[in-house]
Amino acid sequence: MNVGLQHYLVVSALLFCIGLLGVIMRRNVLVIYMSLELMLNAANLALVSFSRFNNNLDGQVFVFFIITVAAAEVAVGLALIVALYRKRQTAHVEDLTTMKL
Amino acid sequence: MSILTYIFGLPLAAAVVLALVPRNFRVIMRLVAILATLASAVLAIIMFAKFQTHFAGYQFEQQVEWVKAVGISYHVGADGINVGLILMGAIVAFAAACCSWEIKEREKEFYILLLVMSGGIIGAFASLDLFLFYFFHELALVPTFIMIGLWGRGERRNYAAFQITIYLSVGALIALIGLIALYLQSGAHTFDIPALTDYIAKNPLPANVQQFIFPLLLFGFGILVSLWPFHSWAPIGYGSAPTPTAMLHAGVIKKFGLYGLIRIALPMMPHAAQSWMQIIAWLALGNLIYCGWVAMRQKDFNWLVGYSSVAHMGFIFLGIATLSLIGVTGAVLVMVAHGFLAALTFALSGYIHEQTGTLEMRKLGGLLFKLPFIGAALIMAAFAGCGLPGFANFAGEITVFFGAWNEFRIVTILACWGAMVIGAVYMLRAIRTMLHAELPEKWANIMDAPHIWRKLPFVLLLTALLVFGCLPRLLTDKIKPSAWNIVQLANPIVAKNADLKTAQANAADAAIKQEIQNIPAGSQSDTAIRETAVKEQQ
Amino acid sequence: MNLSLMSLEVCVVALGLVLLLADLWLPVERKRALGYAAAAALALLLLASATGFGSCSVQGNAFNGMFVQDNLSIFFSRFFLLAAIPVLILAVEFSDRIAAGISEYYSLMIFALAGMLFAASTNNFAVLFVSVELITITFYVLTSFQRARMVSLEAGVKYLIIGALSSAFMVYGIALVYGISGTFSFTELAAVAPQFAGNKIFLFGLLLVLAGLGFKVAAFPFQIWVPDVYQGAPTPTTTFLAIGSKAAGFVLLLRVLFIAVPAVTIHWTYLLIAISAATILYGNLCALPQRNLKRLLGYSGISHAGYSLLGVAALSAAGQAATLYYLSGYLFTIIAAFSVVALVMRHLETEDISGLAGLSQRSPFLAATMAVAMVSLAGIPPLAGFFGKFLLLKAVVEQGAGNHAYYYLAFIALAGVIVSIYYYFGVIRAIYWSKGSDLSPIPVSVPMRLSLYGCMAGIFYLGIFPGPLVNWTLEAVKVLKF
Amino acid sequence: MKLEVLPWIILFLPLLSAAVITLFTQRDKKLSAGISVFAVVVSFILTVIFVSAVGWEPAKRELALNWLDIGAFHVDFGLHFDPLSLAMMLIVTGVASLIHIYSIGYMNGDRGFSRFFACLSLFTFSMLGIVLANNFLQLFIFWELVGISSYLLVGFWYEKPSAADAAKKAFLTNRMGDFGFILGILTIWATLGSLNFGALQEKLVSDPHALGTVATIAGLLVFCGAVGKSAQFPLHVWLPDAMEGPTPVSALIHAATMVAAGVYMLCRILFLLNAPALEVISYIGGFTALLAALIAIQQNDIKRILAYSTLSQLGYMVMAVGLGGPTPAMFHLTTHAFFKALLFLGSGSVILATHHEQDIWKMGALRKKTPVTFWTFMIATLALCGMWPFSGFYSKDSILGLAMERHNHILLGVGLFVAILTAFYMFRLVFVVFYGSTKSDHAEHAHESPAVMLWPLRILAILSLIAGFIGVEGIFTRQFPAENAEAAAGFSQYLFAPFIHAPWAASAGLVALAIGFFAAFALYAKADKDPLVEKLGPLSRAMRNRFYFDELYEATFIRLHDTLAAIANWFDRWIIEGACIGFLRGGTDLTGRALRLFQTGNLQTYAFLFALGVAALLFWILGK
Amino acid sequence: MALNDTIFYIFAALSVICGVMILVSRNPVTSAMFLVLTIASLAGLFALLHAFFLAAIQILVYAGAVMVLFLFVIMLLDLKVEERRKIKKFGAIAGLVSVGAIFAIFLKSLSVSHLAGNSVLTTEGSTIELGKLLFSQYLLPFEIVSVLLLVAMISVILLSKKDLK
């Protein structure tokens, strides 16, 4: 079977789900954050493949935005995590439960 | 501007004025509150006196656009159904303001809330726009909650404040849904009650729609009126409320739901009304008998009065349930009468509580020695409460019985039992334990109402009860034509058969009056102008 | 290209930059007052917008239709400006609790505001995405701005992770929508959406977008972050989050549902009803046992999102207009409430309700403001909350004739209101009838007082004279389908 | 001044005096008494003038104002004049005048002096209202108003728990009767469409079966009102207790007028009652007469003896009405009003003389110390027992004659037996109180009452003596023409009329009197304590305990009602308030607390819930 | 085309496997490294889809900048191997189920949906083409992104300031 759009989409969905699983199951905030990046990348893959199979460059432009935004987000997020770590000496989500109920 | 606007506008304006008065000007605050309610009461009496008897339409009307997009307007007016209620509301508001002596802390807030409450509820009775009607009622309701919480008495006042808040909000909101549904289903695109009524009379709502909306209004309003079994907020609420609040709420605000049923539910949803009336009659019995029984077991006088006020609502429901001219007229009569009575009783119990610090009946006794005036007034209130003639309640209750006899035989018999025997049992037991027998030592220092100003509210309310009790036609002649309109819409078949003769007489009467109305004269000019305008349109 | 349409947005961005620059030259002690300057500038912009100065209220498209200026966007841009002014004043009031970078705090708020303004005019998924990200990322920082407080950082991280998660979902959704329809433009999408209404991948994508926007408006089941973030964030941030960010979510929701894919939305009646109902119930029920005031307002914020969603679920112009009206009332109310919280809880470690005890003696003005705000939130006349709820219920019940599920929705909304009355009155009780130990008066600065007066005026005005705003909201939603 | 104004003045003058006393002259006792006495005496005089002006014509005259008019529910406030009401007016105002005057002496020094007169005036007004009412509802209104006055006066000394309880009991018992009464009124109104006596009578005359199937039940329901007010079995229990009130009150309300209102009302609505209803009424009357007389034998409280005697005599009257004889009933009512008022006033005088001692076994030998009281009391006793030519002889004879005429031998026997008992217990009273030896210190130091009390005694004594043969009966025969009416023309004819009309009944009555007298003489002429207590044993105890009716009611009816109330209260507290509302409250709260548990504060949970939410959303739309 | 297919499968498998490794590896550094690998293999897929510019960006920005940032932070914080705390089995299973559900629904939707899938693929993700589009059609988001970047810059500075003055 020829590799088509479906294949790319399945791969992208798989990656997305793996990322999601990472977010859900990992305890380290940094790893969670990496998983989120993976999810964004999955979206990128989907966009690029759609762009290719739709003969439409808009998707790729969008990917460009995603990458930029992700970079900004990562920067802010990591700064935040670092600040948190300095304060609390932990990067584990289980320790971040002073506010609940 | 219609006189009605002044009647409820004055207290509201006074509330705003009070907000600007500095906190330590206590005398001025009290004076402002009393004067504003007094002025409103005087205006209400003038309005009542000027009211054209035997005239079925609305008088003292005023209509101003408000939210045009939704079909809401500021529309007030009085007809036979609400003229008595407005009068009663204004007088009770004045009496309540007079009874606010017992409030010693945070007077500013108290008087503001009291005035908002008074203005709000009179406004609700005066409004002829569904939205306005609901709006004013809620405006009056909220202060109740705060007042119970802040100035209430007893350990359970917190619970009471929340209970009454939540319960009444449930009722009000259910009714709101009903009102909105009514507005939407009618297709008239107006909240204006007269317009809506006319429109629905010409284009009746489908039966299934009526069957859907009517219960909403019935139980929504029913909760507000403490229809059995949704009554349990009333005793605890009144038991914990400060005196003026209990007076205004039990006396006036509680009548809102009933007024809503008569004004809106009956004429606009005749089909559903007819099918529900059997149930209402039996529920009314729940009020009359069951709540009477419960009242018999109460140990706290305010609770007893609370239950008794719940029980009295049974008469009104029974009257409404008849869908007959006599029944509905009687119901309105009881509404007015019970307003005065409930206010009087709570004012008296408040006085006793102020003197003794308790209303637990076992601890009291022989108070009549020390409180000849208050005691005598309380005995009279008890008489009125068990439906003795001479007081307005009797006229209303007996009218209800006569109206209900042909419709609900068994219910009426049981209701009579509730009224004649059960009511008398708990009222007289209370008198016996509180006022009669030996005076316990510890109450040796209590004081009777010292001067005419302290006596004024009681005297005023008693006078009102006696005047309408001896001359019920002052009210019934005003109520009758309007009640007839409503009964005709709500129950055309019965109306045609039973009251045909009266109808013709009334119609002739009204026609003559209308002729007279058409000559613009003095204060009636606005009404007259409206009349002419109507004619021109035709 | 009609750049002049964007004058408002450009001005706001410029304002943010000016604030950043001014920070460099201003002495430390005067930086605090920069907030007032920013608020004044925003007030000027609002005035310009309201009077139609320049091209602030000219309708039209720009950037190849990516940016639209219509009645809806004008409504919301004024809304956001109006919200930002008191929030900035509150931020000034709050500045002593922000250790570093107060002028950055102001400017970040201005940038968030710019994001919201862009969101109001979005007509394209690309703009939607970047403006949402602009808002969200700014709020990550605004949330964790009180670095000295652990809760602030914790809230920031939580918001960051959940926010990023929702972004990921939304982006993936956008990707799928684009993949099927081949376009990001709402206008073009509206044209082709009917033919894809049955395409499951298309729907999949739209649902993911819905989830992303649901996160922004705090709709069930994407509301889980709200209480923690509201509680932990500095109060001005919470305020802006509660009204600005939420309203931005709503305008985007309205645009996506009713401009881009109305053909699909029409099939989602039950979904929207369920979301709205669940949001109302969840928010109100969880708030019931809540003792922390900010957290309570967070839960209550969820429920108010639910109420606002009623109007969306009603799928009618009346409903959309009601949502707009409700949000407007909520604007004044929630700002008043949070302002009081910020002022009263200034020196307290936690924002427990008991901290309000004795407020009626300490500051009758603040007590009255808070009481009015609570009563309005509870939806009782003559305040804004009541008329908003009235319009929403009316819109919902109106649909009930065609679909009885709407009646149930109305009843659920009612149940929610009832429950909410309980806890709102609990707050009032704490204010008025609990005895507090601390009886020192609370000073209120003049701008703060003005802002609170403004809020009170707004609450009362919208409750008593709803006519003008009702007309305006009805105008504003004309661009939306249904 | 027009004649029509007079009745209104007569009616409202007492009310006016009550109002003036209550509002203005509470402090000034003399003025209060003056106003009250003035009002009632003027009423009496005006009544006399009015009666002499209009005469005893049976022609019906009405004055009416509309009180309430709602559709078919039309109530007038009207005055109705016929011989029945005119005579009753005379009795009421007359006896009331005397008792008012008497009260000035009796109540002297009481702290509620003004209040007493206010209430008394209110009562007079209400009673006149009953008498003059031209329709059912007005009758009912005043019916209730006399109930109020009775309540206020019985509980006049409210500081005494027994008085307060008695007032309550009297009122509530009456209310049960009124419950039936109002149902009867409703039935009649619903069937005949009117409340006006005249209109109703016309309808029934033109169509005797207009009431149809409800005729009997309607009649009996209306009779319920009379049962309550006239204290007939089974609602008789309140009257003896009502003796807790001041003695003038007992005389006026609970002997002469109010309790007779039931009989008056039955006469007024006689046209409504059909044969079965009348039969029931007659037997209830007879039974009450017997029961009360039996109880009276073993009572020791002077006022209670008289109270049971009143019950018994009321039983006679009701029996007479039931036998279809309104004239004898009203005749007996009139004479009874005089001699029973006299007896009560006399007993009041005795009580005052012995410093508020009411136990007859603590009196004795008062004949010498209170001569006027003794002689007047004696006259009244003879009248009550039916001694020729005292008034009671004539009226009682007419009742016995009626029973004989109707061939109702049971009731005749009952009547005669009660006559024996009456003589027995009355002479027991007389012997113990006025003869024998003094049995206490109070009796030792007894003194005659002041003149203001004695003059009413004298006047009533004269009336008791002569009322039988001055043609009172004739007034009522005008209203209710007897079947074999022989209008007696002159004084002497009246004097011996009974022996001519019904010689058997008359002589039987006298024989009964003799039996009773001698039995009492034998047992009590010299007794220091009651010999019957031992002789009758348990029966005596039962009699003293009023045949345990109070206990029976306490155990059944009141217990039942209280139990129902307790159940309702329990239901209200635990089911409605506790279970339903509590469940809703608690349920809501619990749901809130449970839902909150999702907010663990843990990011992973949040992320999971977010994902779950997305999954749910997707499944909802795409899962099908 | 077989070659392309093979490359696709290789890259796809690589990315998925590395993705799973991110998930399962205990050490954050390992995770980060596997993320870099995933990103790189995605870049390969991009290239396969003729999105050359993006492939380059992917490597440069993501693998180059972002991931270095990540690693830098990990080093900075000196994060050790994730402690072996008890894995909540219920949580893991629930997570798996919900994510599995999403994936299943996606697959199901994919299987029944009609995708545009042109047979002639003409799009070339060249820099010029993209640039043209970016600076004409997508100028507005581009500008907004610039504001966003500014915000990010300020934020990072603010958040990382050591002293709190």
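Computed from heavy atoms alone, side chains included, the values below leave out hydrogens, waters and symmetry copies. All values reported here derive from a predicted model rather than from experimental measurement. Per chain, numbering begins at 1; letters A, B, ... match sequence-line order.
- Note: A/L45 leads A/V74, A/L45, A/T68 in heavy-atom pairs under 4.5 Å with chain E.
- For residues 146-154 of chain E, a heavy-atom distance under 4.5 Å to chain A picks out E/L148, E/L149, E/A152, given by residue number.
- Contacts with chain A (heavy atom to heavy atom, under 4.5 Å) involve these residues of residues 30-37 of chain E, listed by number: E/S31, E/A32, E/L35.
- Of the inter-residue distances, the one linking A/Q89 atom CD with A/L84 atom CG reads 10.0 Å to the nearest 0.5 angstrom.
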A/I18 vs E/V99, side chain to side chain contact (heavy atoms under 4.5 Å, CB included): CA-CA, chis, key distance, verdict: CA-CA 8 Å; A/I18 291 166; E/V99 174; over 6 Å; no
Audit row: E/F8, A/Y8, ring-ring contact (aromatic ring centres under 6.0 Å, His included) steps and yes/no: CA-CA 9 Å; E/F8 167 81; A/Y8 284 98; 4.5 Å; yes
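- Contact annotation: the side chain of A/Y33 approaches that of A/E73 to within less than 4.5 Å [non-hydrogen atoms, C-beta and beyond].
- Top candidate by heavy-atom pairs under 4.5 Å with chain A, chosen from E/F70, E/F53, E/F106, E/F142, is E/F70.
- Atoms OG1 and NE2, on A/T97 and A/H92 in that order, are 13.5 Å from each other to the nearest 0.5 Å.
- Side chains of E/F46 and A/Q60 form no contact here, defined as non-hydrogen atoms less than 4.5 Å apart.
- Using modelled atom types, one finds no donor on one side chain facing an acceptor on the other under 3.5 Å when comparing E/Q137 with A/D58.
- Chain E forms the most heavy-atom pairs under 4.5 Å with one residue out of A/S49, A/A83, A/G59, and that residue is A/S49.
- Contacts of A/F62 with chain E are absent, with no heavy-atom separation under 4.5 Å from either backbone or side chain.
- Of the two parts of A/L15, only the side chain, counted from C-beta on, holds a non-hydrogen atom closer than 4.5 Å to a non-hydrogen atom of chain E.
- If you tally non-hydrogen atom pairs under 4.5 Å between each of E/L133, E/V61, E/V145 and chain A, the highest count goes to E/L133.
- A heavy-atom distance below 4.5 Å is not found between the side chains of E/T38 and A/N41.
- Rounding to the nearest 0.5 Å gives a distance of 10.0 Å between CG of A/L9 and OG of E/S113.
- Proximity of a side-chain donor or acceptor of A/S12 to a complementary backbone N or O of A/A43 within less than 3.5 Å is not detected.
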Steps toward side chain to side chain contact (heavy atoms under 4.5 Å, CB included) verdict (E/Q58, A/I67): CA-CA 8 Å; E/Q58 179 87 353; A/I67 291 173; 3.9 Å; yes
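- For the atom pair CG of A/N44 and OG of A/S51, the computed distance is 11.5 Å after rounding to the nearest 0.5 Å.
- Side-chain atoms of A/R52 do not come within 3.5 Å of backbone N or O of A/L47 as any donor-acceptor pair.
- A 4.5 Å side-chain heavy-atom check between E/L45 and E/S41 finds every atom pair outside the cut-off.
- With A/R26 contributing its side chain and E/L23 its backbone, the two residues share a donor-acceptor pair below 3.5 Å.
- Taking E/V66, E/I22, E/L130 one by one and counting their heavy-atom pairs under 4.5 Å with chain A, the maximum is reached by E/L130.
- Only the side chain of A/L40 comes within contact range of chain E, with heavy atoms under 4.5 Å apart.
- Among A/V63, A/L80, A/V61, the residue with the largest count of heavy-atom pairs under 4.5 Å with chain E is A/V61.
- Interface check for chain A: of the options E/L42, E/I102, E/L107, the most heavy-atom pairs under 4.5 Å are formed by E/L42.
- The most heavy-atom pairs under 4.5 Å with chain E, out of A/L57, A/L20, A/V10, come from A/L57.
- If you measure heavy-atom distances from E/I39 to chain A, the contacts under 4.5 Å come from the side chain alone.
- With chain A as partner, the option from E/S155, E/S111, E/P141 having the largest number of non-hydrogen pairs under 4.5 angstrom is E/P141.
- There is no contact between E/A65 and chain A, counting heavy-atom distances below 4.5 Å.
- Heavy atoms closer than 4.5 Å to chain E are found in the side chain of A/I24, but not in its backbone.
- With rounding to the nearest 0.5 Å, the separation of CG in E/L14 from CE in E/M21 is 11.5 Å.
- The shortest distance between side-chain heavy atoms of E/S160 and A/V82 does not fall below 4.5 Å.
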